[in-house]
Visitor: 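Below you'll find the structure I mean.
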There are 2 protein chains.
Amino acid sequence: MAEPLSSEQAGQLAPLMKALADPVRLRLLSLVAAHADGEACVCDLNDAFDLSQPTISHHLKVLHEAGLLDRSKRGTWVYYRIKADVLAGVAGLLGGVGR
Amino acid sequence: MAEPLSSEQAGQLAPLMKALADPVRLRLLSLVAAHADGEACVCDLNDAFDLSQPTISHHLKVLHEAGLLDRSKRGTWVYYRIKADVLAGVAGLLGGVGR
DNA sequence: CACGGACATCGACGTATGTCAATATTGAGG
DNA sequence: CCTCAATATTGACATACGTCGATGTCCGTG
């Protein structure tokens, strides 16, 4: 019912959707979001999957480069934090398409 | 903050996100949704892109098989209708992850 | 400063994806 | 029936993706 997405809008939204279009990444994102302060250590995330450490690292990189996760290194550990506003923006745009 | 997605939830959500993770399909979906009755003829959609007819047909099939578009043939023409509830469900789940 | 642990990067592999030209299918009309 | 227009399917191609093992980098600690 709203205006159709412009070519540019679609071109900007698509990479975000692509980052979210993988079951492992969806779970990673929700695991980070579910952590008390919206922040999780990679060491915790690795154990939640039956996948190699490089694979998890790769997926985290994809989510980070898409702008969905913030990355901060503290000492030996790396923490990822969810960017809730970005995710909310995607959800909003998506919901807006259908209505 | 909510519970993290289960492996099954992620496995069900991911194919929907995958279907939405393409700029052409995002525009197709929004074009269909923007049509007066939430329904659009393929003939209209073809002209909106600089892509071959088979390519558009392919993308519509992906959206249809993902459960995001309904398909109905009337005479020579085929009409696709948006399943707004499904799209809203996806947007809702996504928004729920971040909060 | 050497070692060990946490995480990232690289290189390789099989598989999936987007695109097109060519062809098939379906239905309307003469 | 035969033909034409609208859409789908097929086959082929290049590229992108998910995964792993091996290796690199950074940092705290003895």
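A, B, ... follow the sequence lines: proteins, then strands. Residue 1 opens every chain. No experiment lies behind these values; they were computed from the predicted model shown.
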Visitor: Applying salt bridge (charged side-chain N to carboxylate O under 4.0 Å, His left out) as the test, list every pair that has at least one member in residues 59-73 of chain A; sequence neighbours left out.
Guide: Asp70(A)-Lys83(A)
Visitor: Among pairs that include at least one residue of residues 6-21 of chain B, which meet salt bridge (charged side-chain N to carboxylate O under 4.0 Å, His left out), considering only residues two or more places apart or in two chains?
Guide: none
Visitor: How long is the line joining NZ of Lys61(A) and P of dT9(C), in whole Å?
Guide: 4 Å
Visitor: In this structure, how many angstroms lie between the P atom of dC17(D) and the CG atom of Leu60(A), rounded?
Guide: 17 Å
Visitor: According to a strict under-4.0 Å criterion, is Tyr80(B) in side-chain N/O contact with OP1 or OP2 of dA8(D)?
Guide: yes
Visitor: Can you list the other members of the hydrophobic cluster that holds Trp77(B), where links are side-chain heavy atoms under 4.5 angstrom apart?
Guide: Tyr79(B)
Visitor: Which pairs with one or both residues in residues 37-48 of chain B pass side chain to side chain donor-acceptor pair (under 3.5 Å), sequence neighbours excluded?
Guide: Glu39(B)-Arg74(B), Glu39(B)-Arg81(B)
Visitor: Provide, to the nearest angstrom, the distance between the CG atom belonging to Leu45(A) and the C1' atom belonging to dA8(C).
Guide: 15 Å
Visitor: So, using side chain to side chain contact (heavy atoms under 4.5 Å, CB included) as the criterion, who are the partners of Leu93(A) when residues are at least two apart?
Guide: Leu13(A)
Visitor: Hey, mind stepping through Leu87(B) and Leu16(B) against side-chain contact (heavy atoms from CB on, under 4.5 Å) and telling me if it holds?
Guide: CA-CA 9 Å; Leu87(B) 190 56; Leu16(B) 281 165; over 6 Å; no
Visitor: Go through dT9(C), dA8(D), dC7(C) for me and flag the one nearest to the Cys43(A) side chain.
Guide: dC7(C)
Visitor: Could I get the full list of side chain to side chain contact (heavy atoms under 4.5 Å, CB included) partners for Leu45(A), not counting sequence neighbours?
Guide: Leu28(A), Leu31(A), Val32(A), Ala40(A), Leu60(A)
Visitor: Would you please confirm or rule out a distance under 4.0 Å between OP1 or OP2 of dT7(D) and any side-chain N or O of Arg71(B)?
Guide: no
Visitor: For each nucleotide in nucleotides 25-30 of chain D, reading 5' to 3', give B when a protein heavy atom comes within less than 4.0 Å of its base, S when such contact involves only the sugar-phosphate, and - otherwise.
Guide: -SSS--
Visitor: Find the distance Leu63(A):CG to dG18(D):P and express it as a whole number of Å.
Guide: 10 Å
Visitor: Find the bend of the helix from dC1(C)-dG30(D) to dG30(C)-dC1(D) as the angle between its two terminal axes (five pairs each), to the nearest 10°.
Guide: 10°
Visitor: Collect all protein-nucleotide pairs involving nucleotides 18-22 of chain C in which both atoms are nitrogen or oxygen and the distance is under 3.5 Å.
Guide:
from, atom 1, to, atom 2, distance (Å)
dG18(C), OP1, Asp22(B), OD2, 3.4
dG18(C), OP1, Arg25(B), NH1, 3.4
dG18(C), OP1, Arg25(B), NH2, 2.9
dG18(C), OP2, Arg25(B), NH1, 3.2
dT19(C), OP2, His59(B), NE2, 2.3
dC20(C), OP2, Ser52(B), N, 2.9
dC20(C), OP2, Ser52(B), OG, 2.9
dC20(C), OP2, Thr55(B), OG1, 2.6

Visitor: Please report the interatomic distance SG(Cys41(A)) to NE2(His35(A)), rounded to the nearest 0.5 Å.
Guide: 9.0 Å
Visitor: For Ala91(B), which residues count as a side chain to side chain contact (heavy atoms under 4.5 Å, CB included) partner, sequence neighbours excluded?
Guide: Leu94(A)
Visitor: Name every donor-acceptor pair, under 3.5 Å, that has one atom in a side chain of residues 49-59 of chain B and the other anywhere in the protein, sequence neighbours excluded.
Guide:
from, atom 1, to, atom 2, distance (Å)
Ser52(B), OG, Thr55(B), N, 3.3
Ser52(B), OG, Thr55(B), OG1, 2.9
His59(B), ND1, Arg25(B), NH1, 3.1

Visitor: Measure the spacing between CG of Leu63(A) and CG of Leu69(A) and express it to the nearest 0.5 Å.
Guide: 5.0 Å
Visitor: Could you check how far CE of Met17(A) sits from P of dT17(C), rounded to whole Å?
Guide: 15 Å
